[in-house]
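Below is one structure, written out as structure tokens, with a few remarks after it.
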Amino acid sequence: MASLWKHPKSRFWTACFTAPDGRQLKRSTKTTDRKLANRMAQEWEDAACKRMTEGQARRVVNDIFELINGERLASATLAAFVNRWLERKRVESKPRTFEKYAIVARKFVAFLASRAGADIASITQAEIAAYRDDAASRLSIGTANGELKIIRSIFQQAHRDALIDQNPAARVAIMARHGDEVERRAFTLPELSRILGECDSEWRGLVMFGLYSGQRLKDVATLTWQNIDLDRDQLCLVTGKTNRRQIIPLASPLRRFIDESLAAGDDPKAPLFPRSIGYVKRSKSGTAGVLSDQFYHILAAVGLAKPRTHESTGKGRSVKRELNELGFHCLRHTATSLMKNAGISPAIVQDIIGHDSSAVSAHYTHIEESAKRKAVDAMPLRIPQESRPPAE
């Protein structure tokens, strides 16, 4: 039978009760009220004598918490909390970022389908790790890690809301990239020549702007004439991903392309690339996915990528794609590398491309062997030797 004991140096009652295996257990009730402490001790012993389900155990904890504090423990099911978290993110995030959050959050709830109605506090580290491993089996390691970071954010908010004591997702490790993971690289000039030769007039313009401005595909595809200041020879835009205002001088080849190939009308809001902006606007998530696929087909046509068809595999889009080291985003690598290889200050390159830090800019830099050789050859040919007095 449960009993009470009080340590001489404590003002709180300690509950003494027997576990199913016969062990004598002691737990502080954190209360000085003997009657309340006795009731808690009996609750604990009753719970210890039963083979309780997780739900029953949580109800016992809730009852004891209510006895002490006069109110129930805050709780939420996994599905309900994820929905609340998404509503917050809808307000706090840009539409494109929110769409990514929503996709991952809903995939996670669907993966734990039988647990969607469980208390979020009961979701374990092992269940989150299982989702990470499943994602890595279908996607690249980098994408799986990105999804894990979003799940960490969900549980971190639950922790801040006092719904869980600790973030179980924080204890799930980021996966190391495999040695065979594809690294993006810059295009060579001969490769760019082949690509431009395969492009129609609109795609030629997208590639030219991507190369000479270093901007992302969606930002290029949605340019209008009000982004072009021909009097000052500038491209002005606000980037979609970082909301950064960019003012980029028009390179001579790009200015020549604009003058010769793009016809400016009277409407400053008219798009530079009508077909491309249409694809972005018709996309449910407002992304440039269709254009990315089109550029991949251009790369395949000139031998820079393997032809890719969903029909031939029979697996659709739910499986991991064979990644290619080249894509439209590599034009950012190319622009960064060309400018740095030409000796342009890293700070200037970082500002033009729109990188948030020198570390990110360095990741996009691929220094040519000739530039490295020039740097090495610029080092002193002789190292002055310190003179020493002759030995006696």
Side-chain angles (χ1 to χ4, degrees), residues 96 186-283 286-302 304 326-339 342 344 348-349 351-354 364:
R96 187 175 178 183
F187 288 106
T188 65
L189 294 181
E191 287 171 343
L192 286 171
S193 178
R194 286 156 59 189
I195 290 168
L196 289 170
E198 180 67 22
C199 291
D200 62 18
S201 59
E202 182 150 316
W203 262 109
R204 186 178 183 84
L206 292 171
V207 172
M208 291 289 287
F209 270 87
L211 174 63
Y212 287 107
S213 72
Q215 300 308 298
R216 299 175 180 85
L217 178 54
K218 180 182 176 182
D219 290 332
V220 171
T222 54
L223 288 173
T224 65
W225 281 102
Q226 63 187 358
N227 295 121
I228 308 295
D229 187 338
L230 295 177
D231 293 332
R232 297 183 178 181
D233 261 357
Q234 291 178 340
L235 169 64
C236 307
L237 74 155
V238 176
T239 60
K241 181 177 180 179
T242 61
N243 205 34
R244 178 186 177 120
R245 180 169 177 76
Q246 295 284 98
I247 300 177
I248 304 169
L250 293 175
S252 297
L254 184 56
R255 174 60 196 255
R256 188 163 55 250
F257 172 82
I258 293 171
D259 291 340
E260 295 175 359
S261 304
L262 296 179
D266 297 329
D267 182 6
K269 294 183 179 181
L272 269 64
F273 309 110
R275 188 176 72 232
S276 299
I277 199 172
Y279 284 126
V280 174
K281 288 182 176 180
R282 288 192 296 273
S283 168
T287 62
V290 172
L291 293 174
S292 292
D293 288 342
Q294 290 181 2
F295 188 69
Y296 187 94
H297 288 306
I298 292 173
L299 294 178
V302 297
L304 295 176
L326 293 173
F328 192 91
H329 200 80
C330 291
L331 292 171
R332 282 173 68 79
H333 292 253
T334 309
T336 302
S337 301
L338 288 175
M339 285 188 281
I344 307 302
I348 294 175
V349 176
D351 184 75
I352 290 174
I353 302 299
Y364 279 74

Margin query: Treating Arg245 as the side-chain partner and Val238 as the backbone partner, does any N or O pair qualify as donor plus acceptor under 3.5 Å?
Written below: no
Item checked: Glu202 (side chain) donor-acceptor with Arg275 (main chain) under 3.5 angstrom -> yes
Margin query: Testing the basics here: between Ile195 and Leu299, what is the closest heavy-atom pair and its distance to 0.1 Å?
Written below: CD1-CD2, 3.7 Å
Margin query: Please check: side-chain N/O of Gln234 versus main-chain N/O of Arg232, any donor-acceptor pairing under 3.5 Å?
Written below: no
Item checked: Any side-chain heavy-atom pair of Lys218 and Leu291 under 4.5 Å -> no
Next item on the list: Please check if any side-chain donor atom of Gln246 sits under 3.5 Å from a side-chain acceptor atom of Thr239, or the reverse.
Entry: no
Margin query: So, taking the atom named CZ in Arg194 and the one named CZ in Phe187, what distance separates them when rounded to the nearest 0.5 Å?
Written below: 10.5 Å
Margin query: To the closest 0.5 Å, what do you measure between CH2 (Trp203) and CD (Glu198)?
Written below: 12.0 Å
Next item on the list: Please confirm whether the backbone N or O of Gly240 pairs with a side-chain atom of Asp219, one donor and one acceptor, at under 3.5 Å?
Entry: yes
Notebook entry, point to check: Do Phe209 and Leu254 touch side chain to side chain, with heavy atoms closer than 4.5 Å?
Noted result: yes
Checklist line | Leu338 vs Leu211 side-chain heavy atoms within contact, under 4.5 Å | finding: yes
Note to self: For the CD atom of Gln215 and the NZ atom of Lys241, what is their distance to the nearest 0.5 Å?
What the structure shows: 12.0 Å
Check: What distance separates Asn227 CG from Ile247 CD1, expressed to the nearest 0.5 Å?
Finding: 11.5 Å
Notebook entry, point to check: Quick one: does NZ or CZ of Arg282 land under 6.0 Å from the six-membered ring centre of Tyr279, within 45 degrees of the ring axis?
Noted result: yes
Check: So, for Ile248 and Ser213, which heavy atoms are closest and what is the spacing to 0.1 Å?
Finding: CD1-O, 3.8 Å
Check: Is the side chain of Arg255 donor-acceptor paired with the backbone N or O of Leu230 at a distance under 3.5 Å, no angle test?
Finding: yes
Next item on the list: Quick one: closest heavy-atom pair of Ala186 and Ser337, and the distance?
Entry: CB-OG, 4.1 Å
Margin query: Is any side-chain heavy atom of Phe295 closer than 4.5 Å to one of Leu217?
Written below: no
Next item on the list: Check the pair Ile258, Trp225 against side chain to side chain contact (heavy atoms under 4.5 Å, CB included), reporting the backbone distance first and the verdict last.
Entry: CA-CA 11 Å; Ile258 293 171; Trp225 281 102; 4.0 Å; yes
Notebook entry, point to check: From His329 NE2 over to Thr334 OG1, what is the distance, rounded to the nearest 0.5 angstrom?
Noted result: 10.5 Å
Checklist line | Nearest heavy atoms of Phe257 and Ser201, plus distance in Å | finding: CZ-O, 4.3 Å
Checklist line | Test item: Ile298 and Cys199 side chains (from C-beta on) under 4.5 Å apart, heavy atoms | finding: yes
Notebook entry, point to check: Less than 4.5 Å apart, any side-chain heavy atom of Ile277 and any of Leu272?
Noted result: no
Next item on the list: Check step by step if side chain to side chain contact (heavy atoms under 4.5 Å, CB included) holds for Val220 and Val207.
Entry: CA-CA 9 Å; Val220 171; Val207 172; over 6 Å; no
Note to self: Let me confirm one number: the CE-CG distance from Met208 to Leu206, rounded to the nearest 0.5 Å.
What the structure shows: 11.5 Å
Check: With a 4.5 Å limit on heavy-atom distance, are the side chains of Leu223 and Leu235 in contact?
Finding: yes
Notebook entry, point to check: Closest approach of Tyr212 and Ala251, non-hydrogen atoms and distance?
Noted result: CD2-CB, 3.6 Å
